[in-house]
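On a predicted model such as this, the values are computed, not experimentally measured, just so you know.
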Number of protein chains: 2
Amino acid sequence: MVELDSIDTVILELLLEDARRSFRDIAEEVELSPPTVSNRVDRLRDLGIIQRFTVELDRTKFANEDECLVTIDTHPDHANDVFSQLQEIDGIEHAFYTVDSTVVAKAVLPPSDVQALFADVLSSEQVSDYHVVSVLESSWKPQFGTTGLNIECSICGNSISGDGETVKVESGDLYHVCCSSCAKEISAQYESFRQAADE
Amino acid sequence: MVELDSIDTVILELLLEDARRSFRDIAEEVELSPPTVSNRVDRLRDLGIIQRFTVELDRTKFANEDECLVTIDTHPDHANDVFSQLQEIDGIEHAFYTVDSTVVAKAVLPPSDVQALFADVLSSEQVSDYHVVSVLESSWKPQFGTTGLNIECSICGNSISGDGETVKVESGDLYHVCCSSCAKEISAQYESFRQAADE
DNA sequence: GATGAAATTAGTTCAAG
DNA sequence: CTTGAACTAATTTCATC
């Protein structure tokens with residue numbers, strides 16, 4: 001498990017939202033300089049956390065393609081195979097593989113094509129049952145989980161919802177807090193700490 | 001269904017590969033000017049074909065994230081409400097709303113949190129049943145399908161795999177071909193066409 | 001629609017802390 | 001690991017075709 005600090009987290013969130021956002025813009029958000037942001041992004045790529053910058057397309061807009069959702073009950077021994085095989089299929093956009101050996105995929109293909117494809121690709125050894133249903137609407141909001149990457153307010157310990165605030169104290173350290181009153185608080189705490197050190 | 005010409009298609013492919021590629025670079029590939037590429041990308045965004053520039057992350061690298069998949073059987077009259085409400089929830093990454101009034105969502109949250117959330121948000125009027133299951137693996141494959149977007153070689157009609165080549169004849173028209181021999185061929189054809197026209 | 005030239009804005013390199 | 005300054009590169013605007 002790679003160590004990411006809260007700044008990396010913010011950078012990733014900003015890039016998830018808009019991968020063409022300028023490093024200057026990101027730098028302002030995290031209160032660092034553009035070269036530093038650039039260095040951190042390079043590091044995130046080197047670490048393999050950022051796999052690539054890409055573009056999310058709405059394929060239903062240009063293909064006269066339908067979307068459908070496929071739920072596959074696999075035999076537990078073959079669940080992983082099925083999951084891997086699905087990813088090779090052109091038109092399968094998302095696939096999820098659950099603890100109960102179900103594989104759920106969203107395909108940008110008409111249901112009939114999916115039926116045909118699956119007859120070809122999946123064997124009865126692997127799959128006990130599957131069903132295909134047309135999707136009326138789908139949404140996708142790429143994000144981090146709140147677990148493990150959650151930023152906690154440095155003052156009150158609550159998780160920071162929304163944007164929060166970032167405070168830079170005189171030492172140059174950054175603190176992420178949930179609201180303006182915690183931001184005031186941290187400045188006050190730092191000040192009293194510094195005065196104590198001076199005495 | 002939106003009309004995309006072959007240049008749009010090439011632009012989209014290049015952006016899928018690397019969304020931070022410069023417009024200059026793209027402009028060279030498609031033999032147009034940077035402002036034109038910029039205009040076309042703007043148009044693709046306006047049309048909703050490009051939904052967002054984003055970043056593909058390897059979550060396994062850092063996450064002690066739990067993901068889970070929620071399947072909700074809704075009362076048909078409330079299916080759309082449920083779908084909309086889900087999207088507001090922080091941690092819901094995908095939501096799909098199918099013709100049989102099932103809403104499937106993938107949350108980047110531990111199952112217990114999802115249970116708690118849903119108790120709050122969803123009423124028994126809306127939902128007849130739902131169940132939550134942990135996700136072991138999930139994948140996203142940002143790619144074109146072959147349906148509707150395939151580029152064919154102007155000479156031999158084969159689909160263009162890999163990069164292909166783009167040829168600009170004297171009239172200024174662009175042709176996309178699969179290989180250098182088809183590129184030669186199109187120049188030759190254009191030349192003989194022009195000579196015939198002169199006579 | 002597409003372009004080239006000018007103006008603006010962004011990214012990178014590097015010496016230094 | 002970070003920065004500011006200098007430099008290089010990319011993007012946008014706009015007049016023109």
Are A:Phe53 and B:Phe53 near enough that their ring centres are under 6.0 Å apart?
-> no
Calculate the interatomic distance between A:Asn39 atom CG and C:dC14 atom P; express it in whole Å.
-> 13 Å
With a cut-off of 6.0 Å (strictly less than), are more than 12 heavy atoms of other residues, nucleotides or ligands near CD of A:Gln87?
-> yes
Minimum-distance nucleotide to A:Phe23 side chain [options: C:dG11, C:dA2, C:dT13] | C:dG11
Please state whether the phosphate of C:dG1, meaning OP1 or OP2, lies under 4.0 angstrom from any side-chain nitrogen or oxygen of B:Arg43.
-> no
How close or far is atom P of C:dG11 from atom CZ of A:Arg45, stated in whole angstroms?
-> 14 Å
Reckon B:Arg20 has a side-chain N or O less than 4.0 Å from the OP1 or OP2 of D:dA10?
-> no
Is there a donor on the side chain of A:Arg24 or the base of C:dG11 sitting less than 3.5 Å from an acceptor on the other?
-> yes
Check every atom of C:dT3, C:dT12, D:dT3 against the side chain of A:Ser38 and return the nucleotide holding the closest atom.
-> C:dT12
Does A:Asp18 have any salt bridge (charged side-chain N to carboxylate O under 4.0 Å, His left out) partners at least two apart in sequence or in another chain, and if so, which?
-> none
Give a yes/no on whether any side-chain N or O of B:Thr36 is located under 4.0 angstrom from OP1 or OP2 of C:dT3.
-> yes
Look at A:Arg21 and C:dA10 and indicate whether a side-chain polar atom (N or O) is within less than 4.0 Å of OP1 or OP2.
-> no
Counting just side-chain N and O atoms, does A:Ser33 come under 4.0 Å of either OP1 or OP2 of D:dT3?
-> yes
Touch class at under 4.0 angstrom, heavy-atom based, for B:Ser22 against every strand present = sugar-phosphate
Between the CG atom in A:Leu12 and the CD1 atom in A:Ile50, the distance rounded to the nearest 0.5 Å is 5.5 Å
